[in-house]
Amino acid sequence: MKAADLAAQFNLTVVAGKDGLGRTVTGGHCGDLLSEVMANAPVGSIWLTIQVHQNIVAVAVLKEMTAIILTGGNVPDEEARAKADEEKIPIMLSDQRTYDLAGMLYSAGVG
Amino acid sequence: MSSLKKSFNIRSRDFIHAGEASITVQQLLKQMRIDPALIRRIAICGYEGEMNVVMHGGDGLYRVEINSDRIVLEISDQGPGIPDIAKAMEKGFSTASDEHREMGFGAGMGLPNMDKNADEMFIESVPGSRTRVRMLFLCKGTK
């Protein structure tokens with residue numbers, strides 16, 4: 001599934017990194033501790049987190065993740081948006097809790 | 001292939017640019033068609049090393065040396081040094097501030113992640129002065 005299709009299907013608001021929406025999502029990861037994400041997130045994954053600062057973009061790039069979803073109504077800070085645009089990492093927003101959204105994604109065949 | 005060396009400054013408490021050295025080197029290694037699994041291991045070690053300097057160290061340096069058979073990554077900083085390296089290597093041990101923990105750092109996984117992903121890792125530290133973490137990656141390794 002393309003990141004753009006995932007955003008449309010799950011009613012996610014894309015706020016940055018739109019140039020990366022054509023990339024394919026092949027898995028998922030939930031986590032707010034950046035070292036844990038660095039250690040365990042799979043390549044090509046969609047990353048669900050509540051962290052909103054610019055360092056999430058570097059983590060996504062280095063782990064070759066496809067996109068980031070900020071859950072629980074969180075929004076990225078300005079530096080994170082700029083970095084995501086620069087690195088073409090889509091940041092999407094959801095009001096759902098991480099647990100609930102992850103369940104929906106998993107049920108839809110993501111991961 | 002002759003040795004290729006690159007170095008990048010890391011500034012203390014500069015969260016804006018943290019990770020940029022690791023991303024630059026990741027792109028360079030991709031262009032050089034280095035094994036993707038090896039690039040991922042180097043990315044983890046480089047990022048964790050950069051963040052350690054940003055959060056705990058004085059200003060520092062990210063150095064990489066790329067050879068046909070091995071890649072050497074060295075992260076060094078100008079203090080304050082690590083009083084007890086064995087303790088710092090324990091999973092879950094961290095001296096991160098509350099502010100850094102709220103940002104998702106300080107899980108006490110940085111140095112263990114680096115040790116796990118490097119073929120060999122050496123730490124030298126002079127408390128009150130400096131730290132140098134040197135990691136070796138074998139290009140045909142299977143780790």
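In what follows, chains carry the letters A, B, and so on, assigned in the order in which the sequence lines appear, proteins first and then strands, with residues in each chain numbered from 1.
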Colleague: Can you find a pair of side-chain heavy atoms, one from B/I23 and one from A/L62, that are under 4.5 Å apart?
Modeller: yes
Colleague: Using a 4.5 angstrom heavy-atom cutoff, name the option from A/L33, A/V37, A/T49, A/N55 with the most pairs to chain B.
Modeller: A/N55
Colleague: Between atom OG of A/S35 and atom CG of B/N52, what is the distance when rounded to the nearest 0.5 Å?
Modeller: 8.0 Å
Colleague: For atom CZ of B/R11, is the number of surrounding heavy atoms from other residues, nucleotides or ligands below 6.0 Å larger than 12?
Modeller: no
Colleague: Under 4.5 Å between side-chain heavy atoms, counting indirect links through other Ile/Leu/Val/Met/Phe/Trp/Tyr residues: same cluster for A/I46 and A/L70 or not?
Modeller: no
Colleague: Relative to chain A, which segment of B/E20 carries a heavy atom at a distance below 4.5 Å: side chain, backbone, both, or neither?
Modeller: side chain
Colleague: Please tell me if the side chains of B/M103 and A/L34 come closer than 4.5 Å, counting only heavy atoms from C-beta onward.
Modeller: no
Colleague: Please classify the contact of A/V43 with chain B as side chain, backbone, both or neither, using a heavy-atom distance under 4.5 Å.
Modeller: side chain
Colleague: Report the C-alpha distance between A/E64 and B/K30 in whole Å, list the side-chain angles of each, state the deciding distance to 0.1 Å, and finish with yes or no for side-chain contact (heavy atoms from CB on, under 4.5 Å).
Modeller: CA-CA 12 Å; A/E64 300 176 86; B/K30 283 182 178 177; 3.4 Å; yes
Colleague: Can A/V52 be reached from A/L48 by stepping across I, L, V, M, F, W or Y side chains whose heavy atoms are under 4.5 Å apart?
Modeller: no
Colleague: Heavy-atom distance under 4.5 Å to chain B: side chain of A/D32, backbone, both or neither?
Modeller: backbone
Colleague: For the hydrophobic clusters of this structure (ILVMFWY residues joined by side-chain heavy atoms under 4.5 Å, transitively), does one cluster hold both B/F122 and B/L138?
Modeller: no
Colleague: Any donor and acceptor pair, going by atom type alone, linking the side chain of B/N113 with main-chain N or O of A/M38 inside 3.5 Å?
Modeller: no
Colleague: Does CZ belonging to B/F93 count more than 12 external heavy atoms closer than 6.0 Å?
Modeller: yes
Colleague: So which heavy atom on B/G19 is nearest to which on A/A58, and how close?
Modeller: CA-CB, 4.4 Å
Colleague: Could you tell me whether the side chain of A/Q54 and the main chain of B/F15 form a donor-acceptor pair under 3.5 Å?
Modeller: yes
Colleague: Given that the side chain runs from C-beta out, which part of A/E36 has a heavy atom under 4.5 Å from chain B: side chain, backbone, both or neither?
Modeller: both
Colleague: State yes or no: do B/I66 and B/L73 share one hydrophobic cluster built from I, L, V, M, F, W and Y residues joined by side-chain heavy-atom distances below 4.5 Å, directly or via other members?
Modeller: yes
Colleague: Let me check something: do A/I69 and A/M65 share a hydrophobic cluster, defined by ILVMFWY side-chain heavy atoms less than 4.5 Å apart, either directly or through other members?
Modeller: no
Colleague: Please evaluate residues B/Y47 and A/V61 with respect to the criterion side-chain contact (heavy atoms from CB on, under 4.5 Å), reporting the C-alpha separation (whole Å), side-chain torsions for both, the decisive distance (0.1 Å), and the verdict.
Modeller: CA-CA 11 Å; B/Y47 181 75; A/V61 171; over 6 Å; no
